[in-house]
Structures are given as structure tokens and as C-alpha cells.
Amino acid sequence: MRLESNGLTAGYGRQQVLRGISLTVAPGEVLAILGANGSGKSTLLRAAAGQLPYQGTLRWSGPASAIGYLPQDNAARVALTAFEVVLLGRLRSLTLRVAASDIEAAEGAMAELGITSLGPRHLGELSGGQRQLVFLAQVLASSPRALLLDEPTSALDIAHQLQVLSLLSAATARRGLTTIAVLHDLNAAARFAGRLALLHEGRVLAIGAPDQVLTPGLLRTAYGVEAAILPGPDGQPIVLPLRATAGHVGGL
Amino acid sequence: MSAAHWRGGNRRRTVVTAAALLALLASFAADLATGPALLPLADVLAVLGGVSEDRMLNAIVLQLRLPIAVMAALVGAALGLSGAVMQTILNNPLASSYTLGISAAAGFGAALAILAGAALPVPEKYAIPVAAFVFAGLACAMVAGVGRMRGATPELLVLTGIACLFLFQSLLSLLQFLASPEALQQIVFWLFGSLMRASLGKAALVAAVLAAMLPLLMRDAWRLTALRLGDERAAALGVRVGSLRLRCFAAVSLLTGVAVAFVGTIGFVGLVAPHIARMLVGEDQRHLLPASAVFGALLLSVASVASKVILPGTVFPIGIITALVGVPFFAWLVLAAGPRTGWR
């Protein structure tokens, strides 16, 4: 399912956050959205998920129901088990008597992420990372054709980060998904995404292959940090932040 | 493993609700048997089965006690169900018709009808419930109207409900201040909440609203369950949050309106019954909604029995009983059982 946006503008009330975003994402591709806090990453995903009014063009080559959107906040504390939360991913087809195919899809998504054993536990009893995996399984259970993931690995340890990003990357290629993920870990983004889009003040500062986007100059502009770019063992660049530019962090 | 455990949990929840239903039947029978004359259960069953030839006994059970017992169960069910729906759509454990001013609005409507009295074109016994129903609906409409505003959050809706509570309580106080001593007595008695005004005709109306609303709400059970994960996540799963809230408000308005119109202000049932149900059957609304209705019915039915046995020979207004029993129970619930309810 292909996404095309042209001159996309969106915000909250009078506050304009996105200021003319144009990009295209093709099926089978992982695009990582990078940028400093407040640069418009989550707003871009919300608009793409149809959760926010916008101006400009935003076109999916498929139905909105095929979009799997994982918002950032995983802090829900409800008396539901992890399995029930994952099952809700099948909401569009759930009836009072739950069909076997919906149960199988929920079980399959949990097995794919290795969290079957969490099924009977209540959401409130789980750690932040476990909850993040449960909500990711919920999105996968919906059998989406496009994935919009807002910081899907922010609460995960490095082993789970690797596992989840590898799985998403492989699933995207295998099922021809269109995956857009907001990531804060630049090195993980370089390793698992085919292209990176670097946002700055609601605009696309740069978009392209990791070595085109992760440059000292662009990182200085987007994040206000001096960084060294080193060659990684797999050919992808490794970003080593050195120091913050004076005044940038205080501007948050 | 997950699915097998979940299926087992579903069976357990069904058993819990069925057990509560059996307890309700027992309480219902006790409600019919208790009163100024304590009747043997066998005699009550004989009357219900149509095999009693004792005309006095038939009159006591069928004309005096049956409407009260049926009304207690039905109003309790309506309040329990509407409380569960409100707590879910407002994402707030304190939401109920009482705390959001819907009961206060009904009370104001009833007081207005009592004061207008003879000036009204319809008899008072019809005007009071109609006015109570209309004002309960008005309070719901005010909260729902704010919900239609762009960017309205559940917190804003709760605040609007609390504003409604203060508004209608103040207006009610004003009417009480202006009322004659006779009208004031009538208003205060209405506000106590009482099942003594029950009739089988009124009970049939409550039953009809309940029978219409429960299936409609059950159709939204999965969407309501998804809403417990928050507005944004529910919307991401495909729920049209605004229209879901609006339809649920309409259902709540009917359920609460018809309940308080006939029996007056009854607190705590709508607040506590969903909490008990949630502790026992969880948040899956396919189980929570019917369980809340059954526990609401059970609570009010037990309160109805208690109102007759606390002081033999006197029937306490049921609104007093539910609050007296409800306050300590609610305190225990919040302090001891909070974590299992998922609200903290």
C-alpha cells in the first residue's frame, strides 16, 4: 500500500506543527522518521493514520482499515489481559462470539513476538517494555498492509530492540508492507530502515539512504549536536554524538 | 496457551454472572416474603405459581410486594448498566448518574413538577416522572453536547458533569427555599428515593427500556472495551470515538432517566455495581455490561429487603439504605481492592 503526501500541513488548534511535508513510501519499504523532540514526527504519523485533520495531499493506495497504527502512549492500565489487548487488534471483525480466525491471528502475533506466555497476565502487571510488545502484537494481529509505529522500541532492552526491528524489517519485505517508524535511535534506524526522513521544525530536512541523511551538518541543524560519523561493520554509518550545541537543549 | 486460558476465563466469568443471577432470585424471593407480615417462602411461591386461593395473601404478594420487588431489580439493573457504560466512556471510576448530576437534574425536574402542581395540564403522578425524565435527559445532553466539541477529552466531560451536579443542586435548593411546607415535604420525600411508588406498569416501562438498551450496548461491547485503552488507541483500532460516546450517552440518558423518574434519587448503585462486576469479571464489556446490570439489580434488591427489616414495621426510603451501605463498601473497595479494578 503506497503512501504519497504532498505539501502536508497539520497541527493542533492554531499551532501549526507540519509545514508542507512531501514524501512517498512504497510497499516493502521501511522509512524511519527522525528528528528532535517537537519536530513533528508523531504528528506526521497521526496525520498519516487519519487521526488528525490536515491540509495538502495525503493518499494511501488502499483502505484506511488496512493501516496498523501504534501510538506512542502505552501506559494504559486496565483490567484486561495481554491476550485480550492483542485480540482487540481484530476489532473490525470481532463479534460477541469470537471467531476462531481472530483468536488464531492474536495467538500468531503474540508467538511472532515471543510473548505468548504474557497472555494471561493483566496489562497493569506488565513492565513498560512488555506492554510495548503487547501493543505491537495488537497492531500485527490486525493483519495490516501498512504499519505506522511511533517509537515502537523506546521501552525495550537492546535484545528486544534488535528482535523487534529485525522482525519488522523481515515482515515488511516478506508481506510487502509499507512501514513508517518514528525512531530516536539513529544507529538502529540506519541499520533497519532502507531510507531515513529527518524532520526539522515541521519540514523534511533530508530524506534518503542512511549515509545521505546521517551527516554531521544535517545532525547539527536537526538536533543541535556535534557528532562523528563512523563506518559500521555492516557498511551503515554509526553516529557518535560528541556534544550539544550551546543553547539548543534549553530551547525545548 | 493464551487462548485456552482466555476461554477458561470466559467460562469463569459466565459462572460468576450466573451465580449473581441466582443470588438475585433469592433476594427477590426474600423481598416478596418480607414486610409487616413475614410470609413463608412456600406461600409466596404458591402465589407466584397461581395455585394460592388465599385472597389476602394474593393481594399482599401480587399487588403490594411484587411491584416493589420487580422495580428494585429493574431499576438496580438500569443504574448498574448505565454506571458501567458511563465509567467506560468517560474513562473515570467515579462516573455515575449520581456523581455527574443526572440524578440531581431529575430531582430538579421532579421538584419543578411538584411545585407547579395543579397548574399543570396533566395529573401530578404523571407530571413528576415525566419532568424528572426530561431533566435527566437534559443533563445528559449537556454533557454529550460538550463531548461533540472538537478536542473534548473525557476529563472535560467529567468536569461538565460535575458542573451539572452543582447547577441542578443549586436550582433544587432554590426551589426548596421557595416551596411551601407541604411541597417541600413532598420534594424531600421524592429526593430520598423510594420504591413505594412502584407499580407493575412503571416496572414494565423500565423493563422495556432495559430490554431495548442492553442489546444495543452489547453490539458496541468490543468497541467499548477498546475505548478503555484510551481515545487515541481506540481510534487507531477503527473506533469512531465521538459517535460511540454519543450513542452511549443516549442509552445512558434513557436508562437513568426512566430509573430515577419512577423511584427518585438512588445513589451508589450506579457507582458501586460496575466496580464489583469489574473486580469479578474484568473489563471485557461483553461480560462487564450484563454483570453490572445483574449486580446493580442484586444490590438494590438486597437494599429493598434491608429497608424493610432494619426497623420492623417501618419501610426506610431505599435511597438512604443504598447510601448507608454504599459509603463504607465503596471506601473498602477503593482502599483494598483498587488494584484489581484496573483504575489505579
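Proteins come first, then strands; the chains are lettered A, B, ... in the order of their sequence lines, and each starts at number 1. As a basis for the values below, the full set of heavy atoms in this structure was taken, side chains included, without hydrogen atoms, waters or symmetry mates. Predicted model, so just to flag it, every value in this text is computed and none were measured.
- To the nearest 0.5 Å, the span separating CZ on Arg286(B) from CG on Leu94(A) amounts to 8.0 Å.
- At distances below 3.5 Å, not a single donor-acceptor pair connects side-chain atoms of Glu84(A) with backbone N or O atoms of Asp284(B).
- Against chain B, no residue from residues 10-18 of chain A qualifies, as none has a non-hydrogen atom under 4.5 angstrom away.
- Nearest heavy atoms, Leu80(A) versus Thr225(B): CD2-CG2, 3.7 Å.
- Interface remark: Leu88(A) contributes backbone and side-chain atoms alike to the contact with chain B (heavy atom separation under 4.5 Å).
- The structure places CG of Leu237(B) at 4.5 Å from CD of Gln138(A), a figure rounded to the nearest 0.5 Å.
- For Leu87(A), the part lying near chain B is the side chain, with the backbone staying farther off; criterion is any non-hydrogen pair under 4.5 Å.
- The distance from atom CD of Glu283(B) to atom CG of Leu123(A), rounded to the nearest 0.5 Å, is 10.5 Å.
- Using a 4.5 Å cut-off between heavy atoms, Arg46(A) contacts chain B through its side chain alone, with no backbone atom that close.
- Contacts with chain A (heavy atom to heavy atom, under 4.5 Å) involve these residues of residues 207-222 of chain B, listed by number: Met218(B), Ala221(B), Trp222(B).
- Contacts of residues 163-180 of chain A with chain B at a heavy-atom distance below 4.5 Å are absent; not one residue qualifies.
- Of all heavy-atom pairs between Arg233(B) and Leu70(A), the closest is NH1-CD1, 3.8 Å.
- When all heavy atoms of Gly238(B) and Arg92(A) are compared, the closest pair comes out as CA-NH2, 3.2 Å.
- Contact detail for Ala235(B) and Gln51(A): the closest heavy-atom pair is CB-OE1, 3.1 Å.
- Under the salt bridge (charged side-chain N to carboxylate O under 4.0 Å, His left out) criterion, Asp185(A) pairs with no residue, sequence neighbours left out.
- Between atom OG of residue Ser42(A) and atom CD of residue Glu232(B) there is a gap of 8.5 Å, rounded to the nearest 0.5 Å.
- Within 6.0 Å of atom OH in Tyr69(A), more than 12 heavy atoms from other residues, nucleotides or ligands are found, so the atom counts as buried in its surroundings.
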